[in-house]
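Letters go in sequence order (proteins before strands), and every chain restarts at 1.
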There are 2 protein chains.
Amino acid sequence: MRETGRSGCPINLTLEILGDRWSLIVLRDMMFGNRRHFRELLAKSDEGIASNILADRLKRLLENGLISRRDDASHKQKGIYSLTEMGISLVPVFAAMADWGRRFLPVTPEMSIRAEILAEGGPVLWQKFMSELRFLHLDAPRPVHSVLDELTAAYRDAVERKHAAESEPAGV
Amino acid sequence: MRETGRSGCPINLTLEILGDRWSLIVLRDMMFGNRRHFRELLAKSDEGIASNILADRLKRLLENGLISRRDDASHKQKGIYSLTEMGISLVPVFAAMADWGRRFLPVTPEMSIRAEILAEGGPVLWQKFMSELRFLHLDAPRPVHSVLDELTAAYRDAVERKHAAESEPAGV
DNA sequence: CCAACTGCTTGCAAATCGCAAGCGGTTTTG
DNA sequence: CAAAACCGCTTGCGATTTGCAAGCAGTTGG
């Protein structure tokens with residue numbers, strides 16, 4: 001996308017790789033939604049990325065070393081995308097961005113519950129989550145506790161509470 | 001730039017505001033370089049933003065509440081841009097991005113010294129820095145210690161060391 | 001055999017980008 | 001006090017990127 005390196009500033013270099021509307025969305029879905037196939041990333045996204053954009057971003061993320069790709073043994077056409085250590089290391093960035101977003105932007109409660117947990121858990125929880133991602137995406141041993149399950153369960157609870165509240169008569 | 005909100009996810013909403021190549025560059029220069037005028041942001045940037053892009057980004061950042069603008073009393077044409085609390089609160093995001101960039105991308109040593117200090121200082125240092133930014137950009141009282149001076153001094157030392165090394169004969 | 005699905009590409013109009021020049025006005029300089 | 005420099009910001013324009021829809025060859029499951 002961009003070929004001319006402008007400066008050696010770490011923030012600038014980070015933005016040259018991730019500074020667009022979709023790259024971090026793709027990584028978010030891989031990281032927090034455990035979406036590993038093209039179609040999963042394409043269809044199950046709340047934001048609706050276009051297929052050509054997704055293909056382009058996956059290519060760029062591959063080239064930049066944030067993700068890797070291998071063939072799915074059970075399906076000759078499927079490819080499985082995995083986070084690399086470089087991609088997994090973005091957890092603190094996501095945590096900081098999500099915490100900022102939930103404090104200053106009109107987020108929905110059920111979408112911000114995971115950001116809240118990550119903010120409260122702090123770096124200790126982030127490290128646990130990163131260990132789990134190394135198990136899911138690399139060949140690291142399984143950790144004793146699943147942060148992803150915890151986050152997903154909290155999200156589902158929030159969605160259920162929302163639906164329950166919506167089906168109740170107003171004002172109760 | 002973008003008008004359709006896609007989802008209430010905090011990461012998505014953050015990217016709708018800041019997910020482009022230049023918005024965070026502008027905020028970085030205001031925050032770490034204390035650049036407050038249009039021309040300062042235009043000319044003294046290592047990356048060379050175009051003037052129309054800068055004007056557009058300043059407008060968007062104003063609309064989204066990340067910065068404010070007031071007239072410069074000493075110069076009828078100048079406007080002074082300041083970070084709001086919303087903008088100052090991006091310090092942890094910058095720290096996380098800068099730390100990630102310096103670990104995985106080909107940064108130059110003198111440009112990454114500040115990222116290193118911020119990473120080592122952790123949240124305690126970030127809070128000190130944010131207090132200083134509230135003094136510089138809002139009407140908060142002056143803090144006892146200047147993190148910005150510390151960062152700037154370290155950066156200048158690194159630049160001087162670099163120039164000294166370059167003027168030496170090779171291999172010494 | 002066939003419908004559904006796989007990752008991914010193509011075509012195209014619209015939006016955005018980077019670059020250069022310029023604008024009316026203000027401040028500094030000689 | 002006039003010329004030069006500077007101020008924030010806009011305009012024009014060609015090149016790139018985006019969003020959207022459709023489609024492709026190959027694979028799988030019923």
Mind checking the CG-CG spacing from B:Leu136 to B:Leu83? Nearest 0.5 Å is all I need. 9.5 Å
Closest-nucleotide 5' rank along DNA chain C - winner of A:Tyr81 and B:Gly48: A:Tyr81
Looking at the side chain of B:Arg69, which of C:dG18, C:dC8, D:dC9 is the nearest nucleotide? D:dC9
If I take atom CG in residue A:Asp20 and atom C1' in nucleotide D:dG19, what distance separates them, rounded to the nearest angstrom? 14 Å
Check the distance between C:dC12's P and A:Ile53's CD1 and give it to me in whole angstrom. 18 Å
Pair listing, salt bridge (charged side-chain N to carboxylate O under 4.0 Å, His left out) test, anchored in residues 132-142 of chain A, at least two apart: A:Glu85-A:Arg134
Within less than 4.0 Å of OP1 or OP2 of C:dG18, is there a side-chain N or O belonging to B:Trp22? yes
Let me see the working for B:Asn12 and A:Arg28 under side-chain contact (heavy atoms from CB on, under 4.5 Å), right down to the final yes or no. CA-CA 9 Å; B:Asn12 175 61; A:Arg28 177 204 64 182; 3.9 Å; yes
Check ring pair (Phe, Tyr, Trp, His ring centres under 6.0 Å) between B:Phe104 and all other residues, then give those that pass, not counting sequence neighbours. B:Trp100
I need the full list of salt bridge (charged side-chain N to carboxylate O under 4.0 Å, His left out) pairs touching residues 114-130 of chain B, with sequence neighbours left out, sorted by first then second residue. none
Would A:Ile80 end up clustered with A:Phe38 when hydrophobic side chains under 4.5 Å apart are linked, directly or stepwise? no
Rounded to the nearest Å, what distance is computed from the CD1 atom of residue A:Ile67 to the C1' atom of nucleotide C:dG7? 13 Å
Using a cut-off of strictly less than 4.0 Å, decide whether B:Arg57 has a side-chain nitrogen or oxygen near OP1 or OP2 of C:dC17. yes
Atom CZ of A:Arg36 and atom C1' of C:dG7 are separated, to the nearest Å, by 16 Å
Which side-chain N or O atoms in residues 65-72 of chain B pair as donor and acceptor under 3.5 Å with protein atoms at least two apart or in another chain?
from    : atom 1 : to      : atom 2 : distance (Å)
B:Arg69 : NH1    : B:Tyr81 : OH     : 3.4
B:Asp72 : OD1    : B:Ser74 : N      : 2.8
B:Asp72 : OD1    : B:Ser74 : OG     : 2.9

To the nearest Å, how far apart are A:Asp56 CG and C:dG7 C1'? 15 Å
So if I define the base as every atom that isn't primed, P, OP1 or OP2, how would nucleotides 21-30 of chain D read as a B/S/- string at a heavy-atom cutoff under 4.0 Å? BB--BBSS--
Whole Å only: how far is the CG atom of B:Leu58 from the C1' atom of D:dC7? 14 Å
Whole angstrom value for the distance that separates P of C:dG18 from CD1 of B:Ile49: 8 Å
Give me the bend of the helix from C:dC1-D:dG30 to C:dG30-D:dC1, using the axes of the five pairs at each end, rounded to 10°. 20°
What is the separation between atom CD on A:Glu40 and atom P on C:dC5, rounded to the nearest whole Å? 14 Å
